Each structure stands twice: as C-alpha cells, then as structure tokens.
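For reference, the structure is listed below as structure tokens.
Everything numeric here is computed off the predicted structure, so don't read it as measured data. Proteins get letters first, then strands, A, B, ... in listed order; numbering begins at 1 in each.
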Amino acid sequence: MGYLGEMVESIRSLQIRHVLTQIISLGMIVTSALIIWKGLMCVTGSESPVVVVLSGSMEPGFKRGDILFLHMSKDPIRAGEIVVFNVDGREIPIVHRVIKVHERQDTGEVDVLTKGDNNFGDDRLLYAHGQLWLQRHHIMGRAVGFLPYVGWVTIIMTEKPIIKYLLIGALGLLVITSKE
Amino acid sequence: MFSLWQRVNALATFSILLLAALSCAASFLDAFNSPSVRAHAEVIKVNRFRKQLTGNDEVSLTLNISMDLQSLFTWNTKQVFVFLTAEYETSKNSVNQISLWDHIVPDKDNANFRVRVPTKYPLIDQGNNLRGKKIDLVLHWHVMPKTGRMIRDKMALSEFYLPDAYT
C-alpha cells in the first residue's frame with residue numbers, strides 16, 4: 001500500500017509542478033509583451049509608439065488598417081509632418097498632415113493647423129468647438145515609419161470581439177496543453 | 001517527429017521574419033538613393049490682398065510651378081506628396097509656414113510637370129504684418145514608401161515681396 005500511495009503522491013506533485021510551469025510561461029509571455037511596449041514608449045518618447053490608421057482621410061498614402069510608427073522628439077513641429085493628435089472631447093487620436101505652423105517669437109509656442117490629404121478642407125471642423133489651432137500638448141507624435149495591412153488584426157479584433165475571445169481561448173488552450 | 005502544429009508554427013514564424021527583414025532591407029536601400037530635385041516657382045499675380053474682419057491679412061496668389069521629382073522615386077516609393085509653403089518671419093512669430101498648394105505625385109511618369117495654379121489655401125497671417133513683407137517660397141516633399149521609413153526634405157525656391165497696399 002505504501003508503494004501505491006507514493007506513486008499517487010508523485011503524480012500529484014508532477015501535475016502541480018506542470019500547472020505552475022504553465023502559469024509562469026504564460027506570465028512570461030504577457031510580461032515580455034508589456035516590456036516591449038513600454039520599451040518602445042521610452043525609445044520613441046511617444047505615449048503610443050504605434051498607431052493603426054482607422055479612416056481613409058489620408059488616402060492614398062495611408063489606408064485603413066495600415067500601421068504607423070511614431071516618434072516624439074524635442075524638435076519643433078514643421079509643415080508637412082504627419083502628426084497624431086488628440087482633440088479635447090474626442091477619444092480617438094487622428095493622423096493628419098500639418099499645413100500651417102506659427103511659432104511664437106518670445107515663448108516658442110506653436111500654433112499648428114492640420115489637414116487630411118484626402119479631405120477637402122482643413123481640420124478646424126474636427127477640432128473642439130471654437131478651437132482654431134492645435135498646440136504642442138495635443139500632439140502625441142509624428143509618423144516616421146509605415147507598415148501596410150498589419151493593423152487589420154486589431155481592427156478586426158476590436159470590431160468583432162468574438163474573434164478576440166476565440167483567439168485568446170485557443171492560445172490559452174495551446175499553452176496549457178503543450179508539453180515542454 | 002514534428003507535429004502539424006509545429007510545422008505551421010515554424011513556417012509562420014519564418015515567413016514573418018522574412019517579411020520583416022525584406023521591409024527593413026527596402027528602407028535601407030532607400031538610403032542609397034541620392035535624389036536631385038529641380039524645381040522652380042514664382043508668383044505671377046496677386047489676386048487678392050485684404051484685411052479680414054478678424055484683423056488678419058489674407059492673400060490669394062497665382063503661381064507658376066515647375067518641377068522634376070523623378071529622382072525621388074525608387075522601387076519602394078508609393079507616392080510623393082509635394083507642397084509649396086510661404087515662409088516668413090514677423091515680430092510676433094519667429095516661424096510662419098503656410099501651405100499654399102499641394103499635390104500627390106503617384107508615379108515616376110507624372111513626376112515632371114509644370115502648372116499654373118491659384119493658391120489652394122489662402123495665405124492668412126496671424127495679424128496684419130503682410131504689407132511689403134518678404135516671403136520665401138519653399139518646396140517640400142514627403143516620400144511615402146510602400147513600407148518602412150518616410151523621407152522628408154525641402155528646398156527654398158524663390159522669394160517675393162507682397163505689395164505695400166491692400167487691393
């Protein structure tokens with residue numbers, strides 16, 4: 001009887017060890033993703049280093065589903081740069097091109113006006129009511145790199161949450177059932 | 001033995017790495033292209049020069065623009081966004097850049113052209129400092145790639161003086 005009990009005991013401990021390993025490896029995946037994201041934030045100096053283009057306002061340069069890499073440096077904003085900005089009272093950041101810049105002589109503050117390449121008029125209609133210019137604090141970053149199509153993954157996942165849960169479920173199942 | 005899943009996983013990882021490497025290579029090769037842009041722009045006519053009700057000066061011009069951007073195009077170029085700005089300095093602002101006209105050049109065949117156009121966006125100052133002001137016309141271009149790094153550059157073309165009185 002002692003022999004059988006020993007065996008049950010060993011199997012049980014093995015399983016616990018296995019489950020623990022799986023939890024740790026899952027944790028490692030999540031934390032390394034977080035490390036990469038936060039690391040990119042430090043390197044680019046932008047609070048969101050990668051953005052997905054959601055509208056067609058910059059076509060044919062950027063289409064819906066393309067992704068842009070942002071960089072935010074101390075350099076002054078100049079005409080022609082494609083910037084990502086947040087407007088007060090709007091959740092979603094906008095990616096448009098700077099068409100006018102006025103920089104103050106004394107304080108160095110900038111007034112910036114943007115426009116989507118594919119839009120007819122400038123962005124004053126998109127800004128908050130009565131707002132004529134964007135200031136430095138509205139701007140999250142300027143686009144420096146471009147990668148097509150990749151952003152569709154996130155667009156599909158935010159618009160069809162079922163697919164997101166299915167994907168997370170399948171990945172979780174894989175991690176749990178995989179051996180070594 | 002390798003399971004089906006392992007094979008799929010290895011294939012997917014390899015193809016993604018390969019695509020990433022190719023994208024990087026495309027951007028890297030762009031750096032070897034040293035373009036030489038030739039362009040010319042001049043103001044033919046001042047269509048309107050007035051003070052708006054808000055107190056800001058507003059100018060509308062007709063421009064003669066010609067350029068050859070063919071050397072900007074490489075195999076990784078999707079399009080070139082080109083625009084002309086008026087740049088000047090006032091006592092209030094150390095930098096004023098105002099886009100007057102812009103254009104999307106879709107391919108190399110359409111990259112050498114000459115146009116005579118009215119300003120697409122009016123030149124509006126922050127204030128009324130434009131009478132007799134010296135304005136620089138600067139051509140900017142933004143090379144938008146199929147994938148990878150975006151390239152921006154500019155070239156000062158000419159300068160002109162606005163009239164001393166409103167029209």
Side-chain angles (χ1 to χ4, degrees), chain A residues 53 58-63 66-71 75-82 95-122 124 132-133 142-150 153 170-171 173-174 177-180, chain B residues 3 5-6 9 16 19-20 23-24 26-27 54 56 76-106 120-127 129 138-154:
Chain A
V53 178
M58 287 295 282
E59 281 195 40
F62 306 145
K63 292 194 180 65
D66 295 342
I67 65 173
L68 297 176
F69 297 91
L70 303 188
H71 186 73
D75 298 344
I77 309 277
R78 286 292 174 262
E81 289 175 333
I82 294 172
V95 184
H96 279 174
R97 189 186 301 276
V98 174
I99 61 165
K100 285 188 187 188
V101 175
H102 296 285
E103 190 173 285
R104 263 337 140 264
Q105 192 88 257
D106 42 359
T107 58
E109 282 172 33
V110 279
D111 280 343
V112 165
L113 180 66
T114 53
K115 175 182 174 290
D117 289 355
N118 195 29
N119 289 355
F120 185 73
D122 61 41
R124 292 228 162 105
L132 293 179
W133 305 97
R142 67 193 91 198
V144 290
F146 170 82
L147 205 60
Y149 308 123
V150 181
V153 181
L171 279 177
L173 213 67
L174 264 170
T177 56
S178 73
K179 296 191 177 92
E180 306 309 305
Chain B
S3 69
W5 173 250
Q6 278 168 320
N9 193 6
I16 286 171
L19 269 174
S23 310
C24 292
S27 273
T54 52
N56 294 331
N76 190 30
T77 306
K78 182 197 276 176
Q79 64 172 26
V80 173
F81 185 88
V82 61
F83 61 103
L84 191 76
T85 56
E87 308 196 357
Y88 58 94
E89 202 176 318
T90 58
S91 54
K92 183 186 174 194
N93 295 325
S94 54
V95 175
N96 293 283
Q97 287 183 307
I98 292 161
S99 185
L100 298 177
W101 168 87
D102 57 28
H103 182 63
I104 292 171
V105 184
K120 197 164 160 185
Y121 316 106
L123 200 179
I124 299 173
D125 185 38
Q126 281 191 330
N129 315 298
V138 182
L139 189 78
H140 299 248
W141 54 90
H142 193 151
V143 183
M144 299 167 86
K146 293 203 168 91
T147 171
R149 198 167 61 92
M150 296 189 276
I151 300 162
R152 284 193 317 125
D153 208 349
K154 64 175 180 178

Query - Under 4.5 Å from a heavy atom of chain B, the part of D122(A) involved - result: neither
Report summary line: Highest number of heavy-atom pairs under 4.5 Å with chain B among G61(A), A143(A), G145(A) belongs to G61(A)
Query raised in the report: Any residues in residues 100-109 of chain A near chain B, with a heavy-atom distance under 4.5 Å, and which are they?
Result: K100(A), V101(A), H102(A), E103(A), R104(A), Q105(A)
Using non-hydrogen atoms and a 4.5 Å limit, figure out which bit of [X] sits close to chain A: side chain, backbone, both or neither.
| X | answer |
| --- | --- |
| R149(B) | both |
| K92(B) | both |
| Q126(B) | both |
| E89(B) | side chain |
| S27(B) | neither |
| K146(B) | backbone |
| L100(B) | neither |

Requested in this report: Would you check if M144(B) and I82(A) make a side-chain contact, meaning some heavy-atom pair closer than 4.5 Å?
Outcome: yes
Query raised in the report: Can you find a heavy atom in the side chain of I104(B) that is under 4.5 Å from one in the side chain of P60(A)?
Result: yes
Query raised in the report: R97(A) and D102(B): side chain to side chain contact (heavy atoms under 4.5 Å, CB included), yes or no, with the steps?
Result: CA-CA 11 Å; R97(A) 189 186 301 276; D102(B) 57 28; over 6 Å; no
Query raised in the report: If you measure from OH on Y121(B) to CD1 on I99(A), what distance do you get to the nearest 0.5 Å?
Result: 5.5 Å
Query - Nearest heavy-atom neighbours spanning M150(B) and F62(A) - result: SD-CZ, 3.7 Å
Report task. Please check if any side-chain donor atom of R78(A) sits under 3.5 Å from a side-chain acceptor atom of H140(B), or the reverse. Result -> no
